[in-house]
Every structure is written in C-alpha cells, then in structure tokens.
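Quick caveat: nothing in here was measured; it's all calculated off a predicted structure. In what follows, chains are A, B, ... by sequence order, proteins preceding strands, each numbered from 1.
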2 protein chains.
Amino acid sequence: MSQPATTLAPGSVGVVETRHLDLPEPVPLDCGRELHPVRVAYETYGTLSPRRDNVVLVCHALSGDAHAAGLSRAPSGGSARDGFGAEGHGKGLGWWDGMIGPGKAFDTDRFFVVSTNLLGGCRGTTGPSSIDPATGEPYGPDFPVITVADMVRTQRAFLDALGIERLAAVAGGSLGGMQALQWAVLYPDQVDAVIPIASTHALHPQGVAWNAIAREAILRDPAWQGGRYHGTGRAPDAGMGIGRMVGHITYLSAPALEVKFGRRLRSGDGPHYTITDPEFEVEGYLRHQAEAFVKRFDANTYLYTSRALTYFDLARQHGGGSLARALEGVSARTLLIAFSSDWLYPPSASEEIAGALRALGKPVELHVIEAPYGHDCFLLEEARQTPVIRRFLAQPVQERGSS
Amino acid sequence: MSQPATTLAPGSVGVVETRHLDLPEPVPLDCGRELHPVRVAYETYGTLSPRRDNVVLVCHALSGDAHAAGLSRAPSGGSARDGFGAEGHGKGLGWWDGMIGPGKAFDTDRFFVVSTNLLGGCRGTTGPSSIDPATGEPYGPDFPVITVADMVRTQRAFLDALGIERLAAVAGGSLGGMQALQWAVLYPDQVDAVIPIASTHALHPQGVAWNAIAREAILRDPAWQGGRYHGTGRAPDAGMGIGRMVGHITYLSAPALEVKFGRRLRSGDGPHYTITDPEFEVEGYLRHQAEAFVKRFDANTYLYTSRALTYFDLARQHGGGSLARALEGVSARTLLIAFSSDWLYPPSASEEIAGALRALGKPVELHVIEAPYGHDCFLLEEARQTPVIRRFLAQPVQERGSS
C-alpha cells in the first residue's frame with residue numbers, strides 16, 4: 001500500500017532531518033593513506049538509553065544514504081529506495097522505513113537506531129565529490145580507494161564522537177551486511193549482535209564481474225574525464241546509467257522479471273522495428289531506472305563503493321584465506337538472513353558464514369526466506385524479516401538487562 | 001588440446017575459403033521494407049549428393065560468421081569463436097570445427113554442410129556496414145530492422161540460388177537455434193529435421209534485459225554518432241566492449257567463473273587500491289574479451305542482431321500467442337539439446353518446445369546435457385553433442401534413402 005507523504009502512518013519515526021558531524025581525527029585507511037577532514041551524515045531514531053546500551057547501527061547498501069526511516073524534512077534528489085522497492089513507497093520515506101520505528105523490526109521504543117551515509121558516499125558523508133583540502137577542488141579520482149573496513153572505522157570514530165562505546169546490534173543488507181560482519185571482526189568487544197542480511201563474506205566471481213562491468217561503463221564514458229567531471233557541466237550519466245541497469249537486473253530474479261514484465265511490448269500492436277527505442281516493457285523500465293538514478297547519485301561514489309564491496313573478503317583480509325580463522329575472534333551473536341531467489345548474494349554465502357561460526361561454537365542463526373524477488377528482497381520482504389529480527393533482538397537486551 | 005593452425009587434424013574439412021553469392025531478387029522483410037541487393041557470405045563442406053538430399057544448414061549465433069569449420073585460407077580479424085571456447089581452439093579454425101567434418105556430428109562424408117553469415121552481419125553478408133545503393137554510403141542506421149524470419153528468408157533465397165530445394169537438417173545454437181526453429185515453421189515442407197541447441201522459442205525477460213543493456217551501451221557511446229560512424233575514424237568500441245562483457249558473463253555459469261577465476265587477484269601480493277585498473281583475474285578477462293571483440297565486429301550489426309533475437313517469439317508471431325498453434329504446421333523431426341547450467345537459454349525453454357511438439361503428436365527428442373559452463377556449452381561440449389546428433393541424423397537419411 002502506498003503511504004501519502006504528507007501524513008505519517010502508525011509506526012513512523014516521524015519527520016526527520018539528516019545531520020552532520022565532523023570527525024575530530026583523521027581516519028586511517030587500508031590503502032595506507034589517511035583521510036581528514038571527514039564529515040559524516042547521519043540520522044537517529046528513538047532515544048539513547050542512560051546506559052547507552054540500546055544503540056543499533058543500520059548500514060546502507062551501494063546506493064543508499066543516511067535517511068533510513070521516517071519522512072525527510074528536505075527530500076533531496078529522490079528516494080534512495082528505487083526499483084521494485086520504490087513502488088508503493090511514499091516519497092521522502094527512508095529506505096528501510098518499514099523496518100525502523102515503534103513496534104517495527106528495529107523498534108525505536110527500545111532502540112536508539114543510528115544510520116550514517118557511508119565513507120565515500122555522495123549524500124553528506126565525505127566522498128570523492130567532497131572538497132580536497134589540498135587543492136580546494138573536489139577529490140574526484142584523488143580520493144583514496146577505500147574498503148569496507150575503512151567505512152566501519154569511520155562509523156567507529158563517528159560513534160566515539162557521539163559518546164557511544166558499544167552497539168547492541170549492527171544490521172544491514174548487501175554491502176550493509178558486509179559492514180555488519182566487518183564490525184564483528186574489527187570490534188568484537190564492542191558489538192553484541194550483528195544482522196547481515198542478503199550479504200556475504202566475499203562476493204562470488206560473477207558478482208565481481210557485474211561490478212566490474214558497471215564500473216567500466218562509467219570509466220569508458222568520455223564525460224567521466226578521468227574522474228574530474230565536477231564543474232565541467234558534464235557527468236558520466238550515460239555510463240552510470242548502464243551500470244545501474246546491470247545492477248537492477250542482478251538485484252532481481254529472472255522469475256520476478258517474468259511475472260512483472262513478461263515479454264510484453266510497450267505498444268500492444270506489435271513491434272515498431274526500431275533499434276533505438278525501447279520496445280519491451282522491461283526495456284522501458286531499465287531506461288527509467290537509469291534516468292532516475294543518475295539524478296541523485298555521483299558516479300565516482302559508485303566507482304569507489306563498488307570497488308570496496310568487491311575487495312571485501314573476510315577470509316583473505318583477516319584469516320589468511322580461512323573464513324574460520326577470520327571469524328575466530330567474533331563474540332557478537334549473529335543472525336543471518338538470506339533469500340532463496342537472491343543469486344547475487346546467494347544463501348550459500350550465508351550458509352558458509354553460519355557453518356564457520358557454528359564450527360567455532362559461536363551463537364548463530366540463519367534464516368533463508370523463500371521469496372521470489374531476488375536480492376531486492378532485503379528491501380521488499382520487510383514483513384517477513386520483522387518477526388525474525390524482533391525475536392533475535394529481544395534476547396540479548398533481556399540478558400544484559402538482568403545482568 | 002590445442003591444434004596447430006598449420007597442420008590439419010584428422011576429421012578436418014581442410015582449408016576453406018568464404019565465398020559470396022548475390023541474390024537475384026530483393027528479400028522481403030517483416031518490417032514491410034525489402035532489401036536489394038543482398039550478398040550472402042558462405043562456406044560449404046562435403047559433397048552435394050546427385051539427388052541434392054544431403055544438405056545440412058548450420059546457423060551461427062550473434063557473433064559468429066560463415067566460417068564454421070576447417071582452416072580459413074585468409075583468417076581475418078580473429079576467430080568468431082572466443083571466450084572460453086577460444087582456448088585450445090586453433091587460430092583460423094571455424095567456430096564449430098569440432099562438430100563439422102568427416103566422422104563428426106555433421107559428418108561431411110555423408111552431408112553437404114552449408115554455413116552462411118546471417119543477414120545483417122558484418123562478415124560478408126549484407127548488413128548495416130554494407131553500401132546502401134540509395135546513397136552510396138554505408139547503411140548505418142538506415143539499414144532495415146530485421147528479424148530471425150528475415151534471416152531465414154535470406155537463407156532460403158540463397159539455397160534457391162544454389163539449386164537446393166530441401167534441407168536434410170537445419171542446426172544451430174542460441175540465435176542459430178532460433179533460425180532452425182524458424183525454418184521448421186516457415187518452410188515445413190522443405191526441411192526434414194531441425195536441431196535447435198541451447199535455444200528458445202522466445203527469450204525470457206531477463207535475456208531481453210541483458211540484450212537491451214548491451215545495445216544501450218552502444219547507443220550511449222558518443223562515438224556511435226547516431227549509427228553513422230563509418231568513415232569518421234571513430235567507432236563505439238567502448239560501448240560495444242561493455243555489451244560484450246555483459247554477454248560474456250551471461251554465456252557462462254556462475255560456477256564456471258568460480259572454477260576458472262575464483263576471486264584470484266592479478267597480483268598475488270594483494271590489492272593495489274585502484275578504481276581504474278583490473279584487480280581480479282575475472283576483471284582482466286573481461287577487458288581482454290572486450291578488446292578482442294571490437295577488433296572483429298561491427299557495432300551496428302550487434303544492435304540489429306541483438307534486436308532480432310529479442311523480437312523472436314514463435315507464439316506471438318505464428319500462433320496468436322500460442323506456442324502449440326505456432327508449431328502446428330511443423331513436419332520436421334526435431335532434436336532439442338539444452339545444457340543444465342545454461343541460464344540465458346535455460347532447458348525449460350527447450351522443454352516447452354518439446355512439450356508442445358509432443359502434444360501435437362510430432363516427433364521430437366530433447367536431451368538436457370549436464371554440463372557446467374552455461375550457454376557456451378553449445379560450443380564447448382562438442383564431444384557430448386556428437387553421438388546424440390549422429391544418431392538423430394542417421395535415421396531420416398536411411399528412411400529417405402530406402403523410399
């Protein structure tokens with residue numbers, strides 16, 4: 001059901017505003033460089049408990065932003081939720097609005113939910129379109145190449161600045177789930193629970209390839225201009241549009257496309273024999289998605305974020321090639337959610353993580369939800385994730401409360 | 001095993017040359033236009049029988065050409081076989097050399113095998129890079145939008161010019177299989193058997209989407225110049241490279257990529273933190289494939305051929321929406337071969353064709369070969385297709401021979 005943007009449904013966190021915080025210290029990066037200054041765009045929902053023990057960090061995926069829930073006071077450049085997920089999703093609503101709020105999966109009656117735009121982003125947090133203090137110009141291609149660990153270090157520094165030491169949970173889908181896993185590995189003593197959804201410990205080679213193609217489409221667009229397109233009046237929209245099209249098809253399952261579009265032609269009276277115009281409904285949908293995306297997203301952020309998620313490889317980075325060794329230090333309870341039709345982040349990856357944690361004697365739950373929409377399920381199947389997450393989150397808070 | 005290009009293995013049809021034939025009449029097209037003149041590039045292998053009843057037409061896929069077997073006298077611009085299929089495939093060898101020759105699946109000791117470059121092609125048959133007699137310039141975007149049926153009408157006219165009335169069989173993989181099916185529907189009295197391999201009666205919506213993305217990448221390349229890039233010194237190589245990368249990944253299975261590349265980095269000592277250079281082996285592979293392809297292929301031919309194969313829809317075009325009705329007139333025996341790991345042309349499509357033919361009481365065999373490489377299996381799994389095809393082809397010739 002669509003929700004009018006001007007009224008607030010029950011369970012909404014209300015009207016929210018994205019705020020910004022400048023980190024006091026440089027952020028050290030995996031590449032060896034450090035970044036300073038770093039500004040972080042964020043939103044919070046709910047109330048921080050006096051003991052500061054009710055903080056849930058939600059992490060967004062490639063194209064998301066800090067606006068995870070509620071109605072934005074100043075909606076800018078379209079929702080970070082799009083594709084199938086945009087339909088019936090009110091304008092200005094956060095990308096996980098169905099998951100965050102009073103009585104929802106991340107229940108703001110109990111939790112203080114924090115959402116930040118990731119490092120390298122283009123929606124308020126320092127990224128390649130930010131001003132490089134060394135030149136007074138946007139970083140562009142001079143922005144350091146970042147990793148998921150760098151994103152998490154930035155979140156750690158940001159929470160420090162907020163006076164938050166521990167996290168009751170870190171949750172996110174896709175790249176957001178990688179951040180959750182990275183938290184469990186990097187800061188084992190500071191996170192009670194992690195909820196990686198539709199995610200993986202390392203993207204499979206086909207996923208690496210899709211991301212490479214999307215980046216190539218941007219790099220090969222002459223308007224990219226070596227990454228220094230800011231201020232030129234041109235941007236690699238054509239290339240990023242292609243990248244987004246590739247992304248969209250990988251986020252959906254083949255059966256979902258069959259149900260939604262079939263082979264229906266846009267014109268009912270047969271093909272128009274054209275090589276330049278969309279003929280099939282799915283072709284029109286792709287063009288529309290590309291156009292909507294380039295209006296709100298920066299191509300360099302796409303490049304950097306895509307690169308970071310392909311690098312992510314817990315076994316390589318933390319276990320000398322062994323996933324079990326990488327996860328040895330984890331002390332957070334883990335809830336993994338995967339979707340049966342997700343072929344970009346298939347359930348098998350979550351099964352590998354669950355298996356490794358289980359073999360290490362660590363508390364882990366895996367739920368594979370049978371759902372047809374593919375990777376986008378982490379945005380679409382909110383109703384079915386909610387009871388699983390609520391039950392999982394109910395446990396530690398009670399334990400910690402009685403201790 | 002790789003085969004030196006300078007010696008001929010047993011079973012080779014030998015050194016061959018692509019020849020050309022100008023059709024005497026205009027070819028009428030589905031779009032309502034007609035095309036004249038039309039030149040057809042072709043090769044033949046084996047000997048035409050006195051009764052002219054031993055002709056097998058093999059039809060190539062999107063990026064193939066007339067050089068299906070043997071060693072080319074004048075190898076031009078690289079083999080039409082590439083990707084996984086190029087490895088161990090001798091330079092100058094035809095794209096289906098393992099299938100065509102003495103004692104092979106299409107046994108040139110018995111059959112006269114004919115292979116043509118398809119209408120719209122860029123390897124000798126009239127296509128968008130041919131001269132438009134109306135202007136004296138290459139057609140470019142003025143080339144009429146063609147269909148698989150138009151390709152088959154052109155083959156029919158070409159065989160007429162050769163004095164060949166009947167075909168013992170029409171065979172092909174992918175788009176080549178569509179042509180085989182189209183032959184069975186358009187010319188039921190003139191074809192004894194069809195062998196569509198890794199093919200479909202209508203590409204599923206995800207396949208339509210992949211093709212749309214590949215075409216968009218070409219259309220959005222400024223070097224495409226509205227299709228009039230011939231003679232400008234620029235060509236949409238960047239965009240066609242992206243399209244080819246998309247194609248390559250859809251032609252392979254995810255497990256095949258896992259086995260072949262895994263997540264191996266090109267540099268063993270870890271990532272180099274770059275957004276512009278390939279880091280993973282699969283990224284380097286994609287760039288290499290794109291570079292090799294643009295050297296030998298015309299972007300407009302890619303657009304037109306991709307468009308034709310997405311239009312192809314036997315039920316819509318010949319059955320008022322019913323596949324059964326579309327196949328009612330078929331009299332050819334049908335051998336369908338599909339591959340378990342082919343997700344672009346999945347076995348389900350072949351099963352639908354087999355089911356419809358069976359329900360109509362028509363002779364049909366379906367073989368789903370368990371093989372891991374995806375769609376490219378039709379090029380790679382020659383050894384396993386061979387006995388199936390030989391057995392199937394043995395039957396009608398004996399019957400016809402005894403009649």
| Among B:Ile249, B:Leu303, B:Thr276, which has the most heavy-atom pairs under 4.5 Å with chain A? | B:Ile249
| task | Name the member of B:Asp237, B:Leu29, B:Asp221, B:Asp30 that forms the most heavy-atom pairs with chain A at distances under 4.5 Å. | result | B:Asp30
Does a side-chain heavy-atom distance below 4.5 Å link [X] with [Y]?
X: A:His204; Y: B:Arg263; result: no
X: A:Arg307; Y: B:Tyr273; result: no
X: A:Gln206; Y: B:Leu252; result: no
X: A:Arg215; Y: B:Ile275; result: no
X: A:Asn211; Y: B:Phe280; result: no
X: A:Val208; Y: B:Glu283; result: yes

Below 4.5 Å from any heavy atom of chain A, which atoms of [X] appear? Answer side chain, backbone, both or neither.
X: B:Val282; answer: side chain
X: B:Ile213; answer: both
X: B:Pro278; answer: backbone
X: B:Ile218; answer: neither
X: B:Ala290; answer: side chain
X: B:Arg316; answer: side chain
X: B:Glu279; answer: both
X: B:Thr310; answer: both

Chain B contacts, top residue of [options] (heavy-atom pairs, under 4.5 Å):
options: A:Ala238, A:Gly207, A:Pro141; value: A:Ala238
options: A:Thr147, A:Leu219, A:Asn300; value: A:Leu219
options: A:Ala209, A:Gly226, A:Pro255; value: A:Ala209

| query | Which distance, rounded to the nearest 0.5 Å, do you find between the CG of A:Leu265 and the OH of B:Tyr311? | reply | 8.0 Å
| query | Roughly how far apart are B:Arg287 CZ and A:Arg220 CZ, rounded to 0.5 Å? | reply | 7.0 Å
| said: More than 12 heavy atoms of other residues, nucleotides or ligands under 6.0 Å from NE2 of A:His272: yes or no? | reply: yes
| query | Nearest heavy-atom pair of B:Leu286 and A:Ala212: which atoms, and what distance? | reply | CD1-CB, 4.3 Å
| remark: Closest non-hydrogen atoms of B:Gly262 and A:Pro205, given as atom of the first, atom of the second and distance, are O-CG, 3.1 Å
| task | Classify the ring geometry between B:Trp210 and A:Trp210 as parallel (under 30°), tilted (30 to 60°) or perpendicular (over 60°). | result | parallel
